Each structure stands twice: as C-alpha cells, then as structure tokens.
Amino acid sequence: MLANIRETAAWLQARTALRPEIAIVLGSGLGNLAKQISVVDAFEYKDIPHFPVSTVEGHHGRLLFGHLAGRPVMAMEGRFHYYEGYDMKQVTFPERVMHQLGITTFIVSNAAGGMNPNFHVGDIMLIADHINLFPEHPLRGQNLPTGPRFPDMHEAYDHTLLQLARDIAAEQGTPVQEGVYLGVSGPTFETPAEYRAYWRLGADAVGMSTVPEVIVARHSGMRCFGISIITDLGGENIHTEVSHEEVQQAAQSVEAPLARLITEFVARLD
Ligand code: HPA
C-alpha cells in the first residue's frame, strides 16, 4: 500500500511542476468550480497508476492541477464511491496520495439528503461533524505511519475553516445551513424510516461519500472542510421519492454561489 502511494505520488510529481497544499474533491454541484480552476495539468484517473476508475453516471474521472484564486490547488473531478464496489482502501487512495504530495488542507463537497426540518432543496450545508455508518472502516487493517492507530476525531472538520466559511457566506449574502453529515454505503436512497432514524440519531443530512475521505485525511494530519448541497428531503412527515437526476439538478442550481464561496475561501486560506 505505502509503495503504491509513493509510486503514484512520484508519477504525478514527474508530470506536473505544481506543488499544491490545497486539495478539493469536486462532488455534485461543484462542476462550476472546476471551470474556475485554471488548469495546468490534468490526468485521467484511468492513466494514473494504482488509481481506481470512476464508473458512476454524471461523475468525471480527472485529477486536475491548476490555480484557483491564484493559489495552486489539486482537484478531483469525480470521486470513488463505496457503492461502486471499491473497497475502502481504494475509495480513500487519493487522500493517501494527497498527503504524500504535501496537501495540508482538504476541501470536500457532496450532494446529500436533508432530514433537518429547517432544510430546503438547494440549501448549502457547512459540515460541522459527521457520523460514520459505512460497513467498512477506511483505517481497518495495518496502520500506516501517517497517523496514530486510534486517531482522535473530536474536530474532524476544522473549526477555524468552518468560521472562515461562515464569514464569507455572510459577506457574499449566501445563506448557509450547518449540520451533521451521516455517511452510508448506498446505493439505495433511504426509506422514510431510515431518514427518521438518522435524524433521531443526530444527523441533519445523509449521503454516500465524504466520511471515509475525511477520516483518512484527518489520519494524515490534514485540516478538513466540507460542504453538502441538500438535493432532496427526507424528514419526519415528508413523503419522498428521489432520483439521481433530481439530485444532480438540485446540485446544479446552487453551483454558482457555491463556486463563489469556495473560490474566496481558497483565496483566504492561510
Ligand atoms: N441519501 C443518500 N445519499 C444522497 C441523498 C440521499 O437522500 N441525496 C443525495 N445523495
């Protein structure tokens, strides 16, 4: 595993002169942001040694190196989901490589179903914390030397970064929600009983990604910031029917303000 991580990092470093310290996972809704990155080098996942290949509809598979707000960044256009059949080591392999490349700030986005009754479709939710309900843990097995065997998770999402995002959202007049993201494997969307149960567990939104990535990023000492776009609702009294198409449409509707927020966020990172 370590040898593969190093090999992939070396392969990339031989092909790009950029040495970013910021990485962004462009989930649903951040397609617009990709357009604002002035790309210097782009690599198809299928060409990168040891990288899994993304298969899900509507997700591209490219690793971008470029500049956003004048800062060097690395961005994943499309991610690896557990429901696609990858194991957790594959799902989180890119974060391992990021650490090896010197990334210290990890920004992640996703589409999620909202359970909080104050949420609406199209809301932007800053992720304050998460609940891990994936059936496999990304750190299971031999511990890699990037972090301790039993990593602390009391501040999985960096408080300073969260405050920065709140400040920027207020300045830009973009309303944002805040909440707990619960990660499940999918690929089924939740039954009404499951949405109710997750809300009662303490989660505000549910989705099929992000949690494993953040766990590995934290284990590697990166500070993490996450955003969910609420693409559908599953509350106590809401009868929901949800499709992948609806999720993508709702995510696209907030692409512009979200891209503005993240661009300014990156500009102001210390
Ligand atoms: N549940 C799980 N994952 C999701 C949802 C949802 O309601 N919406 C978008 N991704």
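Index from 1, following the sequence. Whatever order the structure lists ligands and atoms in, that order sets their numbers, starting from 1. As the structure is a prediction and not an experimental result, all values here were calculated from the model.
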**Student:** Below 4.0 Å from any atom of ligand 1, which residues have a heavy atom? Give them in chain and number order, please.
**Tutor:**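 Heavy-atom contacts below 4.0 Å: Ala111, Ala112, Gly113, Phe189, Glu190, Tyr195, Val206, Gly207, Met208, Thr231, Asp232, Val247.
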
**Student:** Might you point out which heavy atoms bring Ser228 and Asn110 nearest each other, and give the distance in Å?
**Tutor:**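 Reported closest heavy-atom pair: OG-OD1, 2.8 Å.
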
**Student:** Which atoms form the tightest heavy-atom contact between Arg19 and Gln13, and what is the distance?
**Tutor:**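 Closest approach of Arg19 to Gln13, heavy atoms only: NH2-O, 3.2 Å.
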
**Student:** Could you give the side-chain donor-acceptor pairs of residues 93-100 under 3.5 Å, partners two or more places apart or in another chain?
**Tutor:**
residue: Arg96; atom: NH1; partner: Thr146; partner atom: OG1; Å: 3.0
residue: Arg96; atom: NH1; partner: His219; partner atom: ND1; Å: 3.4

**Student:** Side-chain contact test, heavy atoms from C-beta onward, threshold under 4.5 Å: evaluate it for Ile24 versus Leu68 and give yes or no.
**Tutor:**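 They are in side-chain contact.
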
**Student:** Mind checking ring-ring contact (aromatic ring centres under 6.0 Å, His included) for Phe225 and listing every partner two or more places apart, or none if nothing turns up?
**Tutor:**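 So Phe225 forms a ring-ring contact (aromatic ring centres under 6.0 Å, His included) with Phe265.
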
**Student:** Going by the rule ring-ring contact (aromatic ring centres under 6.0 Å, His included), which residues pair with Phe65 if we only count those two or more places apart in sequence or in a different chain?
**Tutor:**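 Result, ring-ring contact (aromatic ring centres under 6.0 Å, His included) vs Phe65: Phe43.
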
